[in-house]
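Take a look at the structure set out below.
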Amino acid sequence: MAEYAEEPSSEPLYVLRHSTAHVLAAAVCQLHPGTKYAIGPPIENGFYYDFELPEPIGESDLRPIEKKMAEIIRKRLPFVQVKLPRAQAIELFKELGQTYKLEILEAEAKDDEVISTYQTGDLFVDLCRGPHVRDSGDIHAFKLMRLAGAYWRGDEHNKMLTRIYGTAWPTREELDQYLHDLAEAEKRDHKRLGRELKLFAFDERTGAGLPLWLPAGATVRREIERWIVDEEVQRGYQHVRTPDVARLDLYKKSGHWDRYHDSMYPPMRFEESGEVLELRPMNCPHHILVYQTELRSYRDLPLRIAEIGNNWRFEKSGELSGMNRVRAFALNDAHIFCTPEQLEQEVRGSLELAMYFSEVLGVDEYWYRLSVRDDTKAKWIGGEAEWSAAQAALAGALASLDQVYRLGPGEAAFYGPKIDFQVRDAMHREFTNSTVQVDFQLPELFDLEYVAEDGGRRRPVMVHRGAAGAMERLFAYLIERYAGAFPTWLAPTQVVVIPITDAHLPFAAEVAARLKRSRIRVDLDDSQERMNKKIREAQARKVPYMAIVGDREREAGEVSVRDRAGAQTAEPLEDFAQRVALEIAERRR
RNA sequence: GCCGACGUAGCUCAGUUGGCAGAGCAGCCGCCUCGUAAGUGGCAGGUCGCGAGUUCGAAUCUCGCCGUCGGCUCCA
């Protein structure tokens with residue numbers, strides 16, 4: 001997301017949106033005298049502007065603001081750049097009572113710097129590098145979208161300002177297209193499809209952020225999990241099962257309680273015994289305990305402990321979002337214990353596995369974020385040398401795979417840097433799916449050791465990795481990626497058998513039985529409905545194949561196959577069963 | 001948690017200025033036996049999210065909770 005530190009850009013769309021933000025601010029100041037304006041950058045698809053308003057406003061106030069903006073646009077007010085010495089700029093914004101602009105000037109401008117301001121006619125003046133369109137008449141198509149609160153400088157300890165989001169386009173047609181695309185994206189929304197396809201449900205009686213996986217959704221998940229575990233075992237991972245709770249002390253020792261107790265479930269305290277148990281927010285401490293069940297030799301390393309582990313995090317209510325952000329989730333987790341020499345190779349192996357999972361599942365639009373520390377010292381533990389060794393291993397592994405990445409300063413885990421696989425949902429919001437993290441700190445905290453060749457004790461390094469991420473978030477992604485039309489191997493129902501009339505039910509049952517023998521998930525639609533209705537319903541459920549049978553098929557031992565794209569073929573039942581089974585076995589997309 | 005919006009039948013939504021709660025789809029019971037996206041008739045279904053308050057009277061107004069959505073913050 002764009003910030004005030006954002007480099008100015010002369011890209012035309014960027015300029016247009018930035019200029020529209022100025023017009024928005026001008027309109028708001030006209031309608032709400034006494035408004036202080038903070039920052040108003042262009043962003044992907046639009047712009048926003050943050051205000052401190054003299055009185056609270058609601059969404060019904062947006063319409064009048066749009067009208068005022070249209071008025072300003074009709075006046076064709078020129079955008080004029082005025083350069084001022086810093087002292088004079090400070091004087092100007094002081095007179096205007098624009099304290100946020102003063103704060104920016106004082107924090108970011110050097111004493112001798114010439115300050116750029118932009119005037120919109122005589123209505124509005126902003127601290128701004130520009131560039132801008134020539135005059136407000138160059139703005140042809142915009143719309144205010146919504147209202148939101150946003151903390152000044154993105155810090156929740158600061159005052160919350162009122163943010164107005166808008167969108168702007170060169171032409172009316174492009175604006176309409178954008179709005180149309182938004183509506184289309186909403187149809188792919190996993191929350192909507194989750195309900196329509198009966199994949200999962202939320203019920204306030206279980207509590208916020210606690211999904212119920214319905215039979216169809218649980219089927220997709222089971223297929224993914226079976227395959228994941230199988231692949232990992234194949235690659236030398238050792239799958240374990242560890243409990244969802246542990247003594248609170250375990251998380252105190254790991255440092256998690258200290259840092260994250262606000263978003264951990266409250267400890268369960270038992271009066272009689274004095275025991276204090278805690279729902280686990282992640283799996284690493286348990287896997288460390290697995291490591292410590294034996295004295296480990298260098299010959300055991302790398303030791304890859306894996307589990308699809310349930311994690312419990314009490315996310316703030318406003319942070320919950322469908323399946324993307326829940327309070328209970330299952331992570332495709334593993335912790336690799338290795339020597340420093342093995343580190344880069346293990347990172348590389350983890351990346352390759354995550355890439356492979358992504359490819360087979362169809363997570364095909366992602367990029368790598370190398371998440372590193374920033375200079376907020378208190379957030380990170382461990383020494384400089386370890387952090388740079390960790391970062392070198394991560395960057396080295398990416399380089400060895402010829403992958404480019406973007407840096408994410410301040411996005412590291414508290415114990416070390418990581419590579420995050422970043423994806424976008426249907427509404428273009430960014431999420432982390434897979435992750436590979438290097439950790440020198442937990443081995444230290446838990447005093448992990450292995451016996452080296454020379455008989456001495458050494459400290460292993462840990463790689464934390466979620467190759468497919470959390471089942472919930474992955475599912476949300478896949479639902480949106482496929483708009484609910486899963487590849488056949490994942491589809492909850494793979495074939496619906498549809499008899500043309502009740503007279504064909506016995507043969508339809510035979511067809512279903514034959515398909516089931518090949519472990520194909522098949523439904524026989526024996527409802528009292530017409531064939532057309534049954535086709536319509538199978539289509540709505542996005543079932544990959546319909547096997548439609550009547551007299552002709554019964555006589556020939558065939559099925560009439562209609563796929564969900566609408567293509568039709570007639571083929572022997574045996575051929576159909578085999579080709580679907582093959583498609584499933586190959587996990588074809 | 002904070003800002004804004006929202007919560008009416010299983011789902012999607014109507015419900016005038018406060019005056020007897022509606023439709024379509026889904027469900028159930030019939031009839032129809034049909035060749036590639038909705039055959040047809042009937043029946044049933046609602047503490048209007050929950051709890052207070054205002055009022056002769058509240059789905060509608062006020063307040064507090066719960067939940068959902070969009071942002072902000074957070075994301076081990």
Side-chain angles (χ1 to χ4, degrees), chain A residues 1 48 50 53 56-62 145-165 186 189 191-192 195-196 198 201-209 251 254-264 280-285 311 313-322 324-325 329 331 333 379 411-416 418 420 427 429 431-432 435 437 439 442 464 466 470 473 498-505 528-540 546 548-553 560-564 566-568 570:
Chain A
M1 187 137 298
Y48 67 77
D50 286 348
L53 289 147
I57 62 169
E59 249 151 45
S60 58
D61 294 293
L62 292 183
M145 302 299 283
R146 64 182 66 89
L147 223 52
Y151 300 106
W152 167 235
R153 287 188 178 276
D155 184 335
E156 67 176 322
H157 303 295
N158 287 341
K159 194 179 183 71
M160 180 164 270
L161 307 174
T162 303
R163 174 170 298 179
I164 299 177
Y165 281 96
E186 270 171 40
D189 188 321
K191 299 184 288 295
R192 173 182 178 143
R195 186 171 48 243
E196 288 175 357
K198 303 183 186 180
F202 287 94
D203 188 310
E204 45 180 301
R205 291 170 294 185
T206 51
Y251 307 106
S254 69
H256 289 98
W257 175 255
D258 213 34
R259 281 184 171 68
Y260 297 110
H261 62 269
D262 281 347
S263 52
M264 287 169 69
R280 68 171 168 195
M282 63 357 245
N283 311 305
C284 14
N311 290 172
R313 296 181 188 176
F314 198 78
E315 309 286 5
K316 293 180 195 169
S317 58
E319 289 163 349
L320 300 172
S321 181
N324 272 321
R325 204 68 189 280
F329 59 93
L331 200 62
D333 207 1
K379 280 159 71 179
E411 303 286 350
F414 72 87
Y415 46 72
K418 56 189 176 129
D420 296 315
M427 300 302 287
R429 289 171 295 209
F431 290 93
T432 298
T435 182
Q437 319 181 348
D439 176 11
L442 290 180
H464 307 235
R473 186 172 286 180
I498 298 175
I500 287 174
T501 75
D502 290 354
H504 309 112
L505 260 172
Q528 287 295 303
E529 295 291 347
R530 296 180 82 185
M531 177 201 61
N532 276 332
K533 178 72 173 293
K534 296 180 181 185
I535 291 172
R536 185 183 157 83
E537 275 175 4
Q539 202 78 51
M546 288 166 240
I548 298 166
V549 295
D551 291 333
R552 292 205 294 267
E553 288 75 16
S560 172
V561 178
R562 178 189 164 116
D563 71 20
R564 62 190 158 196
Q568 291 174 42

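Residue numbers begin at 1 in each chain, while the letters A, B, ... track the order of the sequences.
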Next item on the list: Give the B/S/- string for nucleotides 6-16 of chain B, one per nucleotide from 5' to 3', where a protein heavy atom under 4.0 Å of the base yields B, of only the sugar-phosphate yields S, and otherwise -.
Entry: -----SS----
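- Among the protein residues, Arg192(A) comes within range of no part of the nucleic acid, since none of its heavy atoms lies under 4.0 Å from any strand.
- Among the protein residues, Ala148(A) comes within range of the nucleic acid bases, having at least one heavy atom under 4.0 Å from a base atom.
- Going from atom CG of Asn532(A) over to atom P of U33(B) covers 16 Å, rounded to whole Å.
- Thr162(A) comes within 4.0 angstrom of no nucleic acid atom, judged by non-hydrogen atoms across all strands.
- Nucleic acid contact class of Asp203(A) (heavy atoms, under 4.0 Å, all strands): none.
- Checking Tyr151(A) against Arg153(A) by side-chain atom types alone, no donor-acceptor pair falls below 3.5 Å.
- Taking atom CG on Leu62(A) and atom C1' on G71(B), their separation rounds to 13 Å, with Å as the unit.
- Out of A38(B), A76(B), C34(B), the shortest distance to the side chain of His256(A) is found at A76(B).
- Within the 4.0 angstrom heavy-atom criterion, base atoms lie near Glu319(A).
- Lys533(A) comes within 4.0 angstrom of sugar-phosphate atoms only, judged by non-hydrogen atoms across all strands, and of no base.
- If you measure from atom CD of Glu537(A) to atom C1' of C25(B), you get 11 Å, rounded to the nearest angstrom.
- Nearest heavy-atom pair across His504(A) and Val549(A) is CB-O, 3.7 Å.
- Proximity of Tyr165(A) to the phosphate of C72(B): a side-chain N or O atom is located under 4.0 Å from OP1 or OP2.
- Residue Gly255(A) is out of contact with every strand shown, counting any heavy-atom pair closer than 4.0 Å.
- For Glu186(A), the side-chain contact (heavy atoms from CB on, under 4.5 Å) partners are Met427(A), not counting sequence neighbours.
- As judged by a 4.0 angstrom heavy-atom cut-off over every strand, Met531(A) is placed among residues touching the sugar-phosphate backbone only.
- Side-chain N/O atoms of Arg153(A) include none lying less than 4.0 angstrom from OP1 or OP2 on C72(B).
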Check: Please, what dot-bracket string fits RNA chain B when only Watson-Crick and G-U pairs with both distances under 3.5 Å count, crossing ones use [ ] and pairs to another strand use |?
Finding: (((((((..((((.....[..)))).(((((.......))))).....(((((..]....))))))))))))....
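- A donor-acceptor pair under 3.5 Å is formed between the side chain of Asp61(A) and the backbone N or O of Gly58(A).
- Between the CE atom of Met145(A) and the P atom of C69(B) there is a distance of 18 Å, given to the nearest Å.
- An OP1 or OP2 oxygen of A37(B) is reached within less than 4.0 angstrom by a side-chain nitrogen or oxygen of Arg562(A).
- Classification of Arg325(A) and Glu315(A) as a salt-bridged pair holds, one side-chain N sitting under 4.0 Å from a carboxylate O.
- Distance from the side chain of Arg325(A) is smallest for C75(B) among the nucleotides U73(B), A76(B), C75(B).
- Here Glu553(A) lies in heavy-atom contact (under 4.0 Å) with a base.
- In this structure, the CE atom of Met264(A) is 14 Å from the P atom of A76(B), given to the nearest Å.
- Residues Asn311(A) and Arg280(A) are in side-chain contact: their nearest non-hydrogen atoms beyond the backbone lie under 4.5 Å apart.
- Within 4.0 Å of Ile57(A), counting heavy atoms only, lie sugar-phosphate atoms of the nucleic acid but no base atom.
- Residue Ser321(A) has a polar side-chain atom (N or O) positioned under 4.0 Å from OP1 or OP2 of G70(B).
- Regarding Ile498(A), its CD1 atom lies at a distance of 10 Å from the C1' atom of A37(B), rounded to whole Å.
- Neither OP1 nor OP2 of C74(B) sits under 4.0 Å from any side-chain N or O of Ser263(A).
- Applying the side-chain contact (heavy atoms from CB on, under 4.5 Å) rule to Glu204(A) yields no partners; only residues at least two apart in sequence or on another chain are considered.
- Looking at Gln539(A), its side chain does come within 3.5 Å of a backbone N or O of Arg564(A) through a donor-acceptor pair.
- With sequence neighbours excluded, the residues satisfying side-chain contact (heavy atoms from CB on, under 4.5 Å) with Lys316(A) are Glu156(A), Glu319(A).
- Annotation for Ala148(A) and Tyr165(A): closest pair CB-CE1, 4.0 Å, computed over non-hydrogen atoms.
- Looking at heavy-atom distances under 4.0 Å, Ser254(A) makes no contact with the nucleic acid at all.
- The shortest distance between the side-chain N/O atoms of Lys191(A) and the OP1/OP2 oxygens of G70(B) is below 4.0 Å.
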Side-chain donor-acceptor pairs of residues 254-261 of chain A under 3.5 Å, sequence neighbours excluded:
| residue | atom | partner | partner atom | Å |
| --- | --- | --- | --- | --- |
| Ser254(A) | OG | Tyr251(A) | O | 3.2 |
| Ser254(A) | OG | His256(A) | N | 3.3 |
| Ser254(A) | OG | His256(A) | ND1 | 2.6 |
| His261(A) | ND1 | Trp257(A) | O | 2.9 |
| His261(A) | ND1 | Asp258(A) | O | 3.4 |

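- Residue Gly209(A) is classed as a sugar-phosphate contact, given heavy-atom separations below 4.0 Å to backbone atoms only.
- Using a 4.0 Å heavy-atom distance criterion, Gly318(A) is classed as a base contact.
- Using a 4.0 Å heavy-atom cutoff across all strands shown, Phe202(A) reaches no nucleic acid atom at all.
- Considering only the side chain of Arg530(A), C34(B) comes nearest among C34(B), C72(B), A76(B).
- Separation of atoms CG (Asp50(A)) and CE (Met160(A)) is listed at 10.0 Å; rounding is to 0.5 Å.
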